[in-house]
Amino acid sequence: MTWVVIGYLSGSWLAAISVCRMAGVRDPRRCGSGNPGFSNVLRLYGPRLAGATLFLDALKGMPVVLASKMLALPVSWQGLIGLAVLVGHSYPVWYGFRGGKAVACALGVLLVLVPGVALLSAVTWALLAWRLKTAAIASLASALVAPLACIWLAPAYIGVVGGLSLLVVLRHGLNIRRLRRGEEPRLRKP
């Protein structure tokens, strides 16, 4: 249970807030979509700050998940610890339980648990984001690709990856509604 708490706490630090603060720009929770994550930082402040946000959000949960894997904890516990990282990012205790969508965190967790699945999901995200210029569609599609890729690449982790993907999809509820209305912000102006 200690590992789950450590996973939650490591996930609950929001890189976007620290990156923007160090760069001397406005808190991303106060402008744009209000989301403290990669996509909003990209739209607001460009690729340099967004890249730092992505890197740090993916990295922050990796040590605890890697430790669980190296300790040969059962796959279900590895998944629970990875899920705790995502829950920490989505509902961080330090920020009034208002966090991000957990896409970058999921990438970091997947890179440790199932690297091939992580890479397929990342390629899916990048291609769709590049083509459609909409992070929400790219994020939802990559979350749906992950469990399917797991069937092929890492069947033992299908339940774990399915749980992580479900959280990412649920965190995009508002985006789904905006997509239906045609109001979802684009990654960059056409």
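Keep in mind it's a predicted model, so treat the numbers as computed, not measured. Values reported hereafter were calculated over all heavy atoms of this structure, with side chains retained and with hydrogens, waters and symmetry mates removed.
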Tell me, do Ser139 and His172 make a side-chain contact under 4.5 Å, heavy atoms counted? yes
Do Leu153 and Leu120 touch side chain to side chain, with heavy atoms closer than 4.5 Å? yes
Taking the side chain as C-beta and beyond, is there a heavy-atom pair between Leu80 and Trp3 under 4.5 Å? no
Report the C-alpha distance between Leu73 and Ile81 in whole Å, list the side-chain angles of each, state the deciding distance to 0.1 Å, and finish with yes or no for side chain to side chain contact (heavy atoms under 4.5 Å, CB included). CA-CA 10 Å; Leu73 295 181; Ile81 292 164; 3.9 Å; yes
Any side-chain heavy-atom pair from Tyr45 and Cys31 closer than 4.5 angstrom? yes
Residue Arg181 excluded, over 12 heavy atoms near CZ under 6.0 Å: yes
Side-chain H-bond candidate by donor/acceptor type, Trp94 with Ser12, under 3.5 Å: yes
In this structure, CE of Met62 is separated from CG of Leu111 (nearest 0.5 Å) by 5.0 Å
Does a donor on one side chain and an acceptor on the other come within less than 3.5 Å for Lys60 and His89? yes
Any chance the side chains of Ser68 and Trp77 put a donor and an acceptor closer than 3.5 Å? no
Linking I/L/V/M/F/W/Y whenever any side-chain heavy atoms sit under 4.5 Å apart, do Val109 and Leu144 land together? no
May I ask you to test the Pro74-Gln78 pair for a side-chain heavy-atom distance under 4.5 Å? no
To the nearest 0.5 Å, tell me how far Leu167 CG sits from Tyr91 OH. 6.5 Å
Would you say Leu140 and Leu179 make side-chain contact, with heavy atoms under 4.5 Å? yes
Is the backbone N or O of Arg21 less than 3.5 Å from a side-chain atom of Arg26, with the two atoms forming a donor-acceptor pair by type? no
Give a yes or no on whether the backbone of Leu113 and the side-chain of Lys69 come within a donor-acceptor separation of less than 3.5 Å. yes
Do other residues, nucleotides or ligands put more than 12 heavy atoms under 6.0 Å from the CZ atom of Phe55? no
For Phe38 and Trp125, run ring pair (Phe, Tyr, Trp, His ring centres under 6.0 Å): C-alpha distance rounded to whole Å, both residues' side-chain angles, the deciding distance at 0.1 Å, then the answer. CA-CA 13 Å; Phe38 165 79; Trp125 191 96; 5.6 Å; yes
Decide yes or no for Cys20 and Asp27: does some side-chain heavy atom of the first lie under 4.5 Å from some side-chain heavy atom of the second? no
Within the 4.5 Å heavy-atom criterion, are Val93 and Tyr8 side-chain neighbours or not? yes
Should Val169 and Leu83 be counted in the same cluster of Ile, Leu, Val, Met, Phe, Trp and Tyr side chains packed under 4.5 Å apart? no
Any donor-acceptor pair under 3.5 Å linking the side chain of Asn35 with the backbone of Asn40? no
